[in-house]
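Okay, structure first, notes after.
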2 protein chains.
Amino acid sequence: MATRARRSQRRTEALSRERIVEAAVELLDAAGEGGLTFRALTERLATGPGAIYWHVANKDELLDAATGAVVAAALSLDSTEPAELAEPAELAELAEPTEPVEPADRAESAQSPDSPQDKIRAIAFGLYDAIEDHPWLPTQLALQLSRSPWGSVTPRIFESIGRQVRALGVPEGHWFTAASALVHYILGATGQNAANNASARTLAPDVDRAEFLGAASKAWEGLDPDDYPFIRAVAAQMREHDDREQFLAGIDLVLTGITALHLPSEQDRTTPPAT
Amino acid sequence: MATRARRSQRRTEALSRERIVEAAVELLDAAGEGGLTFRALTERLATGPGAIYWHVANKDELLDAATGAVVAAALSLDSTEPAELAEPAELAELAEPTEPVEPADRAESAQSPDSPQDKIRAIAFGLYDAIEDHPWLPTQLALQLSRSPWGSVTPRIFESIGRQVRALGVPEGHWFTAASALVHYILGATGQNAANNASARTLAPDVDRAEFLGAASKAWEGLDPDDYPFIRAVAAQMREHDDREQFLAGIDLVLTGITALHLPSEQDRTTPPAT
DNA sequence: ACCTGAACACCGTTCAAGT
DNA sequence: ACCTGAACACCGTTCAAGT
């Protein structure tokens, strides 16, 4: 009874892997993890399931492709891999939220405007901002990680962070550690934030972040003070915090650790720190 | 045709939420995320689905309870919350892998044996070791996070880390940042490692980690050198790295960042650092 | 209060058949 | 080579009925 093929294809364009992945991303954006269904997909693309299975092996591969496409866009890459979206114009728009992404109004730092530190922050915020339009991203990243740990997406993130770690002057023996720490922090913080955003939307679609965080910290304040003294102590602090600021502070924390631990001076690259 | 109720209940113990959660953990451990099914559960518990639904609202709640039980055990807590396993003996054993968990043979550090730093490392390794028996844990943590960001599990981890952050002497204004950074790193690194373990087991059940890491770094070396110069450069380094050492190095990196950024000296707690 | 189990709606996937 | 669509196996969940 509902209208079939809600959005007719703009041209007589044949079905392609790119179009399928594009539709998958749209469904995920619109209705979350549960919104991507082969039936919803066939309706949207006006085909049968068999047609989709001719281009894509199964649902996991489709999810991986959707995840890879969004991450690639967030990292501003035009990759040659097959798991990419066809329309870079549309993806570029996705990576650009309402507010300016560029780290314009940032606290005064001692580095030059385009230092490796700044580039790391830019990469991190690229992913951070991508989850605003794609709240399903962190969960899917985790799922893909559990399916194939060194699939296509993780290496891409690792590579872009790693290059800046190298540019930072970290001795080669610590590249892996430093890059891993940064990537792990970014993925962890990004996931937490996606969850906050999603639940803020769910609880009250038109309520703003401040109100949601107030409610969340209220929930924290309701915890047993004997079991959760620390959380109760930071509840007020959480209510007032700004997510982006917090995210940046965490990155700078890791960057400081890398600098302090792996960039002592110019010599003693041969003697790694004690711990 | 298979034997029903493979493990008959030891006593005439009635069905309870605890028994259901326990069986859920066993199924997850045995067959992963896809292994937990209401049909498998009813077979194992020798009941019908309706009986389970009387004790548990739905599958998500069951997964959350299983996740919470394993995390609580890993943190060595006996919580009063309902989402816990009934048999602490069995859970205590789960938290204790074949090798000693206690940070006995660690690199020489400048802190006292039971410093907050050491306690943070112990908490982190508690979670780290838990995923050896429960590879599904990180993914489920991510899923629960996306379902209810400040559910029961995250606060528990946040609380135990946060207390040590406070004990570290971090000024109150930075508690949230410091604890968040640690938790995010731990969750991120833990997830990565669970993925590595799982895929190592999948690729070849009897092959050891070294061989698997060799294969993984081979895969890295197969990447396009133009697109992935950094990953290619660290591929060899990855082959030789020890996971636990790497995990610890990351934690120490964050700890160093916290110390350097938030513990400058005793005064100037009123003037936060520039960045 | 606690449990049973048939039944329902929905899902991913397959495959013989078309063009 | 590419697509169709009925059909299959399986899943989470419900609910009238039992004790």
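The shown structure was predicted, so the numbers you read here are calculated from the model rather than taken from an experiment. Below, read A as the first sequence line, B as the second, and so on, with proteins coming before strands; counting in each chain starts at 1.
Rounded to an integer number of Å, the gap from Leu15(B) CG to dA1(C) P is 17 Å. The nearest whole Å value for the distance from the CG atom in Leu41(B) to the C1' atom in dC11(D) is 13 Å. Spacing between atom CD1 of Ile52(B) and atom C1' of dC11(D) amounts to 13 Å, rounded to whole angstrom units. As a whole-Å value, the separation of Leu27(A) CG from dC11(C) C1' is 15 Å. For the pair Glu43(A) CD and dC10(C) P, the computed distance is 13 Å after rounding to whole Å.
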* Structure fact -> With B for base contact, S for sugar-phosphate-only contact and - for none (protein heavy atoms under 4.0 Å), nucleotides 12-19 of chain D reads BBBB----
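Going from atom CG of Leu145(B) over to atom OG1 of Thr67(B) covers 11.0 Å, rounded to the nearest 0.5 Å. Annotation: the span from Arg156(B) atom CZ to Leu75(B) atom CG amounts to 7.5 Å, rounded to 0.5 Å.
The separation of dA17(D) from dC2(C), taken at their P atoms, amounts to 22 Å, rounded to a whole angstrom.
Note: Phe247(B) and Phe125(B) have perpendicular aromatic rings, judged against thresholds of 30 and 60 degrees for the angle between ring planes.
Under the 4.5 Å side-chain criterion, counting only non-hydrogen atoms from C-beta, Ile186(B) is not in contact with Tyr128(B).
Phe38(B) has its ring centre less than 6.0 Å from the ring centre of Tyr53(B).
Residues satisfying the salt bridge (Lys or Arg N to Asp or Glu O under 4.0 Å) criterion with Glu33(A), sequence neighbours excluded, are absent altogether.
Under a 4.0 Å N-O distance rule, the pair Glu22(B)/Arg44(B) does not qualify as a salt bridge.
One finds no side-chain N or O of His55(B) lying less than 4.0 angstrom from the OP1 or OP2 phosphate oxygen of dA1(C).
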* Which dot-bracket notation, 5' to 3', represents the base pairing of DNA chain D when pairs are defined as Watson-Crick or G-U with both distances under 3.5 Å, crossing pairs as [ ], and inter-strand pairs as |? -> ||.|||||...|||||.||
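What you find for Leu137(B) and Ala130(B) is that their closest heavy atoms are CD1-CB, 4.1 Å.
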